[in-house]
Amino acid sequence: MSDSAKSCFPPVVNAQTRLLILGSLPGDASLQAAQYYAHPRNQFWRLLGELLDGDLPGLDYSSRLAALQQHGIGLWDVVAQARRPGSLDAAIRDLSPNDLPALCASLPALRAIAFNGGTAASIGRKQLAGMDSQPLLFDLPSSSPAYTLSYPAKLSRWLALRAVLA
């Protein structure tokens with residue numbers, strides 16, 4: 001893909017969403033597949049599979065999304081649209097943020113928001129700063145293969161989300 005404007009996907013949420021996981025902006029592999037976290041080396045589905053004690057990577061995409069929703073997990077991104085050559089967050093320019101406060105206000109069961117990576121946390125926390133009632137916020141290490149923290153170290157941080165889903 002070129003550095004033309006890139007846009008996020010619609011949120012995957014419902015009235016039972018207790019935990020909202022926010023990325024930055026889908027990478028090129030995800031945009032081409034029209035699926036969240038489609039890059040084969042992205043560890044998102046593996047991490048969530050371990051969090052939920054299920055084989056999410058072994059499911060087709062629609063079944064993965066259904067499994068997340070059954071567990072009260074929603075997905076979206078903090079960036080609505082931006083210019084970005086390639087897939088690295090550091091290359092995001094001219095961004096338009098998503099209206100996170102409006103989405104949060106529409107989710108009656110929301111208890112927590114988890115940011116998948118530092119860029120998502122930086123942009124997302126600014127968006128949420130003016131909210132009257134704040135859900136719990138978790139800054140997680142990115143599931144991206146570009147973030148080279150070991151898988152066990154990432155997993156230990158992601159497993160903290162179990163407390164929200166209990």
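We use all heavy atoms of the structure for the numbers below, so side chains are in, but hydrogens, waters and symmetry mates are not. Residues: numbered from 1 along the sequence shown.
The two residues K154 and S144 make their nearest non-hydrogen contact at NZ-O, 3.1 Å. When all heavy atoms of D60 and S62 are compared, the pair lying nearest together is OD1-OG, 2.9 Å. Across all their heavy atoms, A5 and R83 have their closest contact at N-NH1, 3.8 Å. Considering all non-hydrogen atoms of both residues, L56 and G49 come closest at CD1-N, 3.6 Å. When every heavy atom of L25 is checked against every heavy atom of C8, the shortest pair comes out as CD1-N, 3.8 Å. Scanning all heavy atoms of the two residues, the minimum distance from A114 to L161 falls at CB-CD2, 3.8 Å.
At a threshold of 4.5 Å between non-hydrogen side-chain atoms, the residues R125 and F115 count as touching. A 4.5 Å side-chain heavy-atom check between L20 and L103 finds at least one atom pair inside the cut-off. Proximity of L128 to C104: side-chain heavy atoms (C-beta onward) are separated by under 4.5 Å at one or more points. When side chains are defined from C-beta on, N42 counts as touching P145, because their heavy atoms get closer than 4.5 Å. In this structure, the side chains of I73 and L165 come closer than 4.5 Å at one or more pairs of heavy atoms.
To the nearest 0.5 angstrom, L100 atom CG is 9.0 Å from M131 atom CE. Atom CD of Q35 and atom CH2 of W45 lie 8.5 Å apart (nearest 0.5 Å). Rounding to the nearest 0.5 Å gives a distance of 10.5 Å between CG of D55 and CD of E50. The CG atom of L51 lies 8.5 Å from the CG atom of L155; values are rounded to the nearest 0.5 Å. For the atom pair CG (L149) and CD (Q43), the distance works out to 9.0 Å, reported to the nearest 0.5 Å. Going from atom CZ of F9 over to atom CG of D77 covers 8.0 Å, rounded to the nearest 0.5 Å.
With hydrogens and angles disregarded, a donor-acceptor distance shorter than 3.5 Å links the side chain of H39 to the backbone of R41. Put simply, the side chain of Q16 never gets that close to the backbone of Q69: no donor and acceptor are under 3.5 Å apart. For the pair N116 (side chain) and S143 (backbone), a donor-acceptor distance under 3.5 Å is present. Listed for the R111 side chain is no donor-acceptor partner under 3.5 Å among the backbone atoms of L136. With S24 contributing its side chain and D89 its backbone, the two residues share no donor-acceptor pair below 3.5 Å.
Under the 4.0 Å criterion applied to side-chain N and carboxylate O atoms, D139 and R157 are not assigned as salt-bridge partners. With respect to the salt-bridge test (charged N to carboxylate O, under 4.0 angstrom), the residues D53 and R162 qualify.
Criterion: ILVMFWY side-chain heavy atoms under 4.5 Å apart, direct or through other members. Under it, Y37 and Y151 are part of a common hydrophobic cluster. With hydrophobic clusters built from ILVMFWY side chains whose heavy atoms lie under 4.5 angstrom apart, L95 does not share a cluster with L88. In the hydrophobic clustering of this structure, L47 does not group with Y147; members are Ile, Leu, Val, Met, Phe, Trp, Tyr whose side-chain heavy atoms approach within less than 4.5 Å, directly or through other members. One hydrophobic cluster holds both L59 and Y61 under the rule that ILVMFWY side chains link at heavy-atom gaps under 4.5 Å. Cluster membership check: V164 shares its hydrophobic cluster with L159, using side-chain heavy-atom separations under 4.5 Å among Ile, Leu, Val, Met, Phe, Trp and Tyr.
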Could you check L48 against W158 for side-chain contact (heavy atoms from CB on, under 4.5 Å), going step by step and ending with a plain yes or no? CA-CA 8 Å; L48 267 284; W158 279 72; 3.4 Å; yes
Given side-chain contact (heavy atoms from CB on, under 4.5 Å), test V12 with L68 step by step and report yes or no.
-> CA-CA 9 Å; V12 177; L68 291 187; over 6 Å; no
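Looking only at atom types and distance, the side chain of Q81 has no donor-acceptor partner in the side chain of K6 under 3.5 Å away.
Tested against L75, the residues T17, V13, L65 include a single side-chain contact (heavy atoms from CB on, under 4.5 Å) partner, L65.
In this structure, Y36 has its ring center at least 6.0 angstrom away from the ring center of F44.
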